[in-house]
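Contents: one structure, followed by commentary.
Just follow the structure's listing: the first ligand is 1, and inside any ligand the first atom is 1. All of these numbers come straight from a predicted model, not from anything done at the bench.
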Amino acid sequence: MEDFVFNAQAARVVFGAGSLQKVSHEAGLLQMQRVLVLATPEQAEQAQHVADLLGDKAVGIHAKAVMHVPIETARAGCDEVRRLNADGVIAMGGGSTTGLAKAIALETGLPILAIPTTYAGSEVTSIYGLTDQGVKKTGKDPRVLPRTVIYDPELSLTLPVSLSITSGMNAMAHAAEGLYAQDRNPMTRLMAIEGIAALGKALPLIRLHPNHIEGRSLALYGAWLCGSVLGSVGMALHHKLCHTLGGSFNLPHAEVHTVVLPHALAFNALAAPSAMQDIANALGVGNAPQGLFQLAKDNGAPVALKDIGMKAADLDHAADLAVQSPYWNPKPIGPAQRDEIRTLLQYAYEGVAPNC
Ligand code: NAD
């Protein structure tokens, strides 16, 4: 066995249908007595429900989270925390809301209790992002890691099927890249395989029975595991491409991950054969990139960048950006791979099956 280092992300996880009812108890365990509940405007009602459950422990609701945490949104959140003299924040929502909570924690040091309602996985990472004048910068800081995560599958029953599928594919991307990460280890491998297998089973169930708790529970369990992989090891080409496409061309986060994943894996397939085998086995298919492409397609998710707002005229620029700064990938990336990346993007743009 090879030597390894495993960085556990020490969060308390409370999992189960109906576990939201424990929110006041869990906030108390974190010594939170004056909590600000965060959400997007669309989830203000769910935030109000959390505040009601908290009773005297809630000092307000701040339903102003938006995608990619613009710096102005982060500042407004910090101002609200100071105005209300809050001693903790609860993030009730997807990655955008958790992102706002992280920005507040980074500035104020306040603890976060996260209640995720998508499968993005941000709640179990110490990665934060902030967007200033259209440029998103990410960083890592232990202060932004939520202390407690309440996973209540009942809360994801309202997540539209289309977003459930793409969000689930987004989660699987963390695990897939984790399997060939430079700093991978036996623990992250176990989590990745189990997470991919859970989501591979959950997504068709959600499409068929969006209101059944079974598929929702399995998906949230998979999302936790896949997010934990993202929190523990480094990512590579796939995440770099999605960051570039999402940030520079303003494409929707989960959809971009869904479209790009099969093609990024095909690019890396020969350089990471055991990761491909693990993914294929977890999904019960013969070929990992094609299995993921089919999973997305069969469940009605977008498979073409042209269908989610990408313009053909921007593909050249996207390929240039993807090879501009060096980063680790199982198959090395640099200016010499620019044309290969451009071809990958063309496949993803057109929505044809991955080339492997
Ligand atoms: P999101 O949080 O932007 O949510 C998308 C929409 O769905 C929002 O309108 C939201 O209110 C709504 N929604 C969420 N849950 C719902 C539910 N259960 N029912 C009904 N509507 C619901 O989307 P996301 O994909 O979860 O997050 C994307 C963001 O998270 C991106 O900015 C991404 O960069 C970030 N992210 C960060 C990390 C990290 O580790 N830092 C990891 C993954 C994603």
Side-chain angles (χ1 to χ4, degrees), residues 9 11 20 38-47 49-50 63-70 73-74 91-103 105-106 112 114-131 135-146 149-175 177-178 206 210-211 213 216 219-220 223-224 226-235 238-247 250-258 301 308:
Q9 303 289 332
L20 181 65
L38 308 172
T40 59
E42 300 83 38
Q43 290 182 275
E45 216 173 291
Q46 280 180 312
H49 181 50
V50 173
K64 296 193 174 162
V66 292
M67 185 83 96
H68 299 318
V69 199
T73 308
M92 169 76 200
S96 298
T97 303
T98 310
L100 174 58
K102 286 176 165 184
L106 188 69
I112 302 172
I115 309 173
T117 60
T118 70
Y119 310 129
S122 176
E123 67 282 355
V124 280
T125 83
S126 53
I127 305 164
Y128 64 88
L130 277 169
T131 303
V135 180
K136 185 169 181 179
K137 295 210 171 106
T138 56
K140 264 190 167 188
D141 193 302
R143 279 176 302 174
V144 310
L145 181 72
V149 184
I150 295 179
Y151 284 108
D152 186 342
E154 284 180 1
L155 301 171
S156 55
L157 290 170
T158 49
L159 190 66
V161 170
S162 56
L163 186 50
S164 302
I165 306 299
T166 54
S167 191
M169 296 292 298
N170 178 196
M172 283 198 270
H174 310 325
E177 286 226 295
I206 291 175
N211 299 323
I213 204 71
R216 297 293 185 174
L220 208 53
W224 165 49
C226 294
S228 300
V229 174
L230 172 69
S232 296
V233 297
M235 297 288 115
H238 169 76
H239 280 75
K240 171 75 179 178
L241 279 176
C242 292
H243 190 83
T244 302
L245 293 169
N250 205 24
L251 304 185
H253 178 81
E255 284 92 331
V256 174
H257 274 271
T258 304
I308 60 167

Relative to ligand 1, is L155 under 4.0 angstrom through side chain, backbone, both or neither, heavy atoms considered? backbone

Is the closest side-chain heavy-atom distance between E123 and Y151 below 4.5 Å? yes

Mind checking whether K102 and S122 have side chains closer than 4.5 Å, heavy atoms only? yes

Nitrogen or oxygen of S96 less than 3.5 angstrom from that of ligand 1: yes

Which of the atoms in ligand 1, numbered in the order shown and given with their element, are less than 4.0 Å from a heavy-atom of M67? 3 (O), 28 (C), 29 (C), 31 (C), 32 (O)

Should you measure from each heavy atom of L230, which atoms of ligand 1 turn up under 4.0 Å away? 40 (O), 42 (C)

Going by distance only, is there an N or O of K136 that falls short of 3.5 Å from an N or O of ligand 1? yes

Less than 4.5 Å apart, side chain to side chain, heavy atoms only: is that true for M172 and H257? no

Using a plain distance cutoff, I'd like to know if I127 has any nitrogen or oxygen under 3.5 Å from a nitrogen or oxygen of ligand 1. yes

Candidates Q43, E255, E42; heavy atom nearest atom 14 (C) of ligand 1 found on Q43

Mind checking whether M235 and L230 have side chains closer than 4.5 Å, heavy atoms only? yes

Is ligand 1 under 4.0 Å from a heavy atom in the side chain of T158, in the backbone, in both, or in neither? both

With backbone taken as N, CA, C and O and side chain as the heavy atoms from C-beta onward, which portion of L163 lies under 4.0 Å from ligand 1: side chain, backbone, both, or neither? side chain

Can you figure out which of K140, H253, H243 has its heavy atom closest to atom 28 (C) of ligand 1? H253

Count the heavy atoms belonging to other residues, nucleotides or ligands that lie under 6.0 Å from NZ of K137, then report whether that count exceeds 12. no

Polar contacts were defined as any N/O atom of the residue lying under 3.5 Å from an N/O atom of the ligand; does this apply to T40 and ligand 1? yes

Does a donor on one side chain and an acceptor on the other come within less than 3.5 Å for R216 and S164? yes

Counting from 1, what ligand 1 atoms have a heavy atom of K102 closer than 4.0 Å? 39 (C), 40 (O), 41 (N)

Tell me the protein heavy atom at minimum distance from atom 43 (C) of ligand 1, and give that distance in Å. A120 O, 3.3 Å

Under 4.0 Å from ligand 1, counting heavy atoms only, is it the side chain of T117, its backbone, both or neither? both

Per-atom filter on ligand 1: closer than 4.0 angstrom to a heavy atom of G94 are 2 (O), 26 (O)

Can you report which non-hydrogen protein atom sits closest to atom 24 (P) of ligand 1, along with the distance? G95 N, 3.6 Å

Are any of the N or O atoms of H68 closer than 3.5 Å to those of ligand 1? yes

Pair H243-T138, side-chain contact (heavy atoms from CB on, under 4.5 Å): steps then yes or no: CA-CA 10 Å; H243 190 83; T138 56; 3.9 Å; yes

What I'd like to find out is whether the side chain of W224 reaches to under 4.5 Å of the side chain of P116, using heavy atoms alone. no

Going by heavy atoms in the side chains, are T258 and N170 under 4.5 Å from each other? no

Going by side-chain contact (heavy atoms from CB on, under 4.5 Å), M92 matches just one of I150, L38, T117. Which one? T117

Among all protein non-hydrogen atoms, which one is nearest to atom 39 (C) of ligand 1, and what is the separation to 0.1 Å? S122 OG, 3.4 Å

Filtering T118, L100, T125 for the heavy atom nearest atom 4 (O) of ligand 1 leaves T118

Between H253 and H68, is any side-chain donor less than 3.5 angstrom from a side-chain acceptor? no

Does any part of the side chain of V161, heavy atoms only, come nearer than 4.5 Å to the side chain of P210, both counted from C-beta? yes

